[in-house]
Amino acid sequence: MNILRATQLYAPTLRESPAEAELVSHKLMYRAGLIRKAAGGLYSYLPLGWRTMKKIMQIIREEMDSAGGQEILMPIVQPAEIWQTSGRWAVYGPEMMRLKDRHGREFALGPTHEEMITTLIRDEVRSYKQLPLMLYQIQNKYRDEIRPRFGLMRSREFVMKDLYSFDKDVDGMNVSYQKMYDAYTKIFTRCGLKFRPVEADNGAIGGGHSHEFTVLAPSGESSIAYCESCDYAASDEKAELKVITADVEELKPLEKVSTPDCHTIELVKNFLNVPIEKTIKAVAFMDDDERLILAFVRGDHEVNEIKVLNVVEGANHLYMAEEKLINAANSCAGFMSPIGLNDKAIIIVDATVMEMYNAVAGANEVDAHFINVTPRRDFDAKKIIVADIRMVQAGDPCPKCGKPLHMTRGIEVGQVFTLGKKYSQALNATFLDEDGSTKTFEMGCYGIGVGRTMAAAIEQNNDADGIIWNKNIAPFEVVVVPVNAKDSAQLEFAEKIYDELKNSGVDVLLDDRKERAGVKFKDCDLIGYPIRVTISPKTLQSGNVEVKVRRSGEFMTFAREDVVKNILELLKTL
RNA sequence: CGGGGUAUGGCGCAGUUUGGCAGCGCAUCUGCUUUGGGAGCAGAGGGUCGCAGGUUCAAAUCCUGUUGCCCCGACCA
């Protein structure tokens, strides 16, 4: 039997990591010899890293196949025409890597494959009888990121699984979507990740669903709110919030008071000695057309700019408002409120603000505030837009079950998305339905970042000594270590154990390097094999074998004849 | 694209202020000793100091230009 020996494995481990590596996962991937960088955002996968990548890909393949997917492979180099037809040649902008061939024809390195697959299907599939269809590939993708960083987390070339579903109607599309949602749940569970499917905004596409599969990790780039009592989770920008009602109070008359230099909520609250929940905060924005947009939230809340954008018709971007705009609306910075503004301001009031009684708000003049403001009485309902515009905070009630929400950061490793007819329409991809009519495909797309999944797994599972792999994606499940490989008795014994494990289907490596025990142990911990089997003079003599579990650090002693059986049992728990 | 930094052996860094033999630790190779948590001793190899110009008797060091990389920001179906 061919033995996989560490002496023949290219696994260059380092004591130190390159200065540029910031994230734990990036450092460990470098130190453990999983990857090396070729240029900014471009990486080579070394044998250990590629083994893990292949295991993740295999899990993906199995789940895609059992959900009805079929694997294909499409070109990386894509003709410009299909992108021009869909309109994305211009839209995608500098993020798309472009090139010309010797004849001057334009091409792109695919950042995604909607155009490619839609064109493929358009030219082949004619009948509803051929539907539904789910095709996927695991392929390199290219995005010329403005700032590649964090190793494999945000790189310019990356391995991605992308599946595209084609259905004859929306119902079918939703079935495909659910199949993928379920498959993704299985995939990330098998990878041993703590994750949440997070509700995502469908934006302009509309109508369908979208979830981002987010691995929970403090270093993640996206911030999410989630509920521990139910399965609700959403990105901070998308989390919907219910109105918070306040206890009913007797209404006092509106009154203007002097508040010298109190231009922040903190100063007003202290000066007037009121709880922050009884204050109304104003944030002034303007859009591309220099329209003034004033957003009002409770003093202890923050404005969610995305929600504001969605409320204001025709606005694409928000900027900090220029002071002259605020003055033109008959107000002044630091003392704004909806009371007494002219028509130059678009006034958005958070729904929770409307529930307040006898609160404090600006008086639209320097050094003055109103007290006893009750928005329902004092705000001009015709002039204001009431909406949910606040940013979720830890402790806010879950929109599904009402329990307090938690906040965490996460790494987006996959997303599922219904596309509807967006691309099939643009590229004129149609089929003949049962009734003989021509119809446009209902599509969905579903992506998983393979490298990012690997990085996220490390980000979530490591300690001071190195990586702690889940057995399903570890480069090897078990490493057999003779502490002194120069001792032929130890080596031979280790080889026997190796053979037995191998014959039982265990993915195993023999560390036959003639290094000192300490060096080998450190490397084992760094690389993170889930189980280490140690052969030493001591164990040889007693006829037992020592086993160390990487995650728990636990040492066990197994009788020689039970080694394989016990390791198989142990693996099931890791 | 704006701001800030940086570039010296495979990795981590010093040397640049004030020009004068290119260094240190780790790693690598050889030998001896050691052998259950990154060993000790002795020796060795490896760098056009990012690149291109310029100043100078002399440039890693000063000047000009350029490129890569890193950080912050803007951007991100």
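These figures come from a predicted structure and were not determined experimentally. Each chain gets a letter, A, B and so on, in the order the sequences are listed, and its residues count up from 1.
Considering only residues two or more places apart in sequence or on other chains, F521(A) meets the ring-ring contact (aromatic ring centres under 6.0 Å, His included) condition with none of them. Checked against ring-ring contact (aromatic ring centres under 6.0 Å, His included), F150(A) has no partners two or more places apart in sequence or in another chain.
Judged by a 6.0 Å distance limit and a 45° cone about the ring axis, R51(A) is positioned over the six-membered ring of F476(A).
C70(B) and G65(B): their P atoms are spaced 24 Å apart (whole Å). The separation of G53(B) from G45(B), taken at their P atoms, amounts to 31 Å, rounded to a whole angstrom. Spacing of C1' atoms, A7(B) relative to C51(B), comes out at 11 Å, to the nearest Å.
Toward the 5′ end of RNA chain B lies the nearest nucleotide of A19(A), the other residue of the pair A19(A) and E412(A) mapping further downstream. RNA chain B is contacted by both E145(A) and K520(A); K520(A) maps to the nucleotide lying nearer its 5′ end (nearest heavy atom per residue).
Between R560(A) and E500(A) there is a salt bridge, since at least one side-chain N of the basic residue sits less than 4.0 Å from a carboxylate O of the acidic one. Under the 4.0 Å criterion applied to side-chain N and carboxylate O atoms, E157(A) and K141(A) are not assigned as salt-bridge partners.
Residues R88(A) and Y423(A) bring a donor and an acceptor atom of their side chains to less than 3.5 Å of each other. At a cut-off of 3.5 Å, with distance as the only test, no side-chain donor of T214(A) or E212(A) sits close to an acceptor on the other residue.
In the region residues 22-32 of chain A, proximity to RNA chain B at under 4.0 angstrom, judged on heavy atoms, holds for E22(A), R31(A).
Residue pairs satisfying the side-chain hydrogen bond (donor to acceptor under 3.5 Å, both in side chains) criterion with at least one member in residues 11-21 of chain A, sequence neighbours excluded, are listed as follows: T13(A)-D523(A), E20(A)-K37(A).
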List, with names and distances, any nitrogen or oxygen atoms from the protein found under 3.5 Å away from nitrogen or oxygen atoms belonging to nucleotides 3-6 of chain B.
none

Sort me out a list of protein N/O and nucleotides 25-29 of chain B N/O pairs below 3.5 Å, or just none if empty.
residue, atom, partner, partner atom, Å
G25(B), N2, E16(A), OE1, 3.1
A27(B), OP1, R15(A), NH2, 3.1

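Rounded to whole angstrom, the span from the CD atom of E20(A) across to the P atom of C69(B) amounts to 10 Å. Distance Y142(A) OH to A77(B) C1': 19 Å, rounded to the nearest Å. Taking atom CE of residue M96(A) and atom C1' of nucleotide C76(B), one finds them 15 Å apart after rounding to whole Å.
Counting atom types as modelled, N484(A) pairs no side-chain N or O with a base atom of G36(B) as donor and acceptor under 3.5 Å.
Heavy-atom contacts from other residues, nucleotides or ligands closer than 6.0 Å to CD of Q541(A) number 12 or fewer.
Q137(A) pairs in a side chain to side chain donor-acceptor pair (under 3.5 Å) with only one of the listed residues (Q70(A), K161(A), H113(A)), which is H113(A).
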